[in-house]
Structure formats: C-alpha cells, structure tokens
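This report concerns only the one structure given below.
Because the structure is a prediction, the values reported are computed rather than measured.
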Amino acid sequence: GQYKNKYVHTPNTPRSGLPASSPFTVLGIETSCDDTGVAVVSSTGEILGESLASQGAIHSPFGGIVPGLAKEAHAENIDATVRDALAKANLKAEDVDAVAVTVG
C-alpha cells in the first residue's frame, strides 16, 4: 500500500559528507504549488525559523490555482520569505550550511 515505506529520521547522519558530530543547518524552500514556504532546520530536526507567503487570496476568485499567477507570486515573495525565516532563526544566509528546494 501507499504507507508501506516509512521515513526514518536518523539525527546527525548527513549525506553531504559533513562529519556526523558537526551540527549543520539547512534552508528549505518549498514552491511546488501555490504557497511560498521557507524553513531553517537544524541537523537535529529542530525548526529554527519558518515563514509562509500564502497565495490563497490570489487564486480563490478562479476556483483553483492559476500556474502563471503562482509563478509571479513566488518570484515576488521568495526574497522576503527567506529573509523572514532567517530572521526568525536569528541567522544570516552565510550561517546556513545547505539549501534544499522542491523540484517540479
């Protein structure tokens, strides 16, 4: 079934080649649909800061997501959303060890 495979989080086991004993941070960016979501996460799984720019008001008059409008809204919102998540984490961009993004 669809729940056969389960994700098992193993803290501090980076696949990047970083030493397991060294904590690291990842900036995650999610823009696969209509909202722009950003989070800063530690290697222990702790969410240090997060921000979300919703596009609900943009798409609701159309009864669904309009891809062109979503693309434009992502472009307009991404910089501020990243800055907000970093500020909530009390970090600067240069403090982040890796960036993860959605593709598709």
Under 3.5 Å, is there a donor-acceptor pair between the side chain of Glu30 and the main chain of Gly37? no

Separation of Leu91 CG from Leu86 CG (nearest 0.5 Å): 6.5 Å

Separation between CG of Leu69 and CD1 of Ile58, rounded to the nearest 0.5 Å: 7.0 Å

Within a 6.0 Å radius of atom CD1 on Ile47, are there more than 12 heavy atoms belonging to other residues, nucleotides or ligands? no

Hey, which of Val41, Leu27, Val82 is the one that makes side-chain contact (heavy atoms from CB on, under 4.5 Å) with Val96? Leu27

Following the transitive rule for hydrophobic clusters with a side-chain heavy-atom cut-off under 4.5 Å over Ile, Leu, Val, Met, Phe, Trp and Tyr, establish whether Ile78 and Val101 coincide in one cluster. yes

His74 and Thr36: side-chain donor and acceptor closer than 3.5 Å? yes

Step by step, work out the side chain to side chain contact (heavy atoms under 4.5 Å, CB included) result for Val99 and Val26. CA-CA 5 Å; Val99 177; Val26 177; over 6 Å; no

Just wondering, do Cys33 and Ile65 contact through their side chains at under 4.5 Å, heavy atoms? yes

Just how far is it from atom OG1 of Thr31 to atom CD of Gln55, taken to the nearest 0.5 Å? 9.5 Å

Distance from Phe24 atom CZ to Asp95 atom CG, nearest 0.5 Å? 15.5 Å

Which heavy-atom pair separates Ala53 from Thr81 by the least distance, and what is that distance? CB-OG1, 3.7 Å

Taking side chain as C-beta onward, heavy atoms only, is His59 less than 4.5 Å from Val66? yes

Asn77 side-chain N/O to Ala73 backbone N/O, donor-acceptor pair under 3.5 Å: yes

Flag, side chain of Ser51 to backbone of Ala85, donor-acceptor distance under 3.5 Å: no

What closest approach, in Å, do Ser54 and Asp35 show between heavy atoms, and which atom pair accounts for it? CA-OD1, 3.3 Å

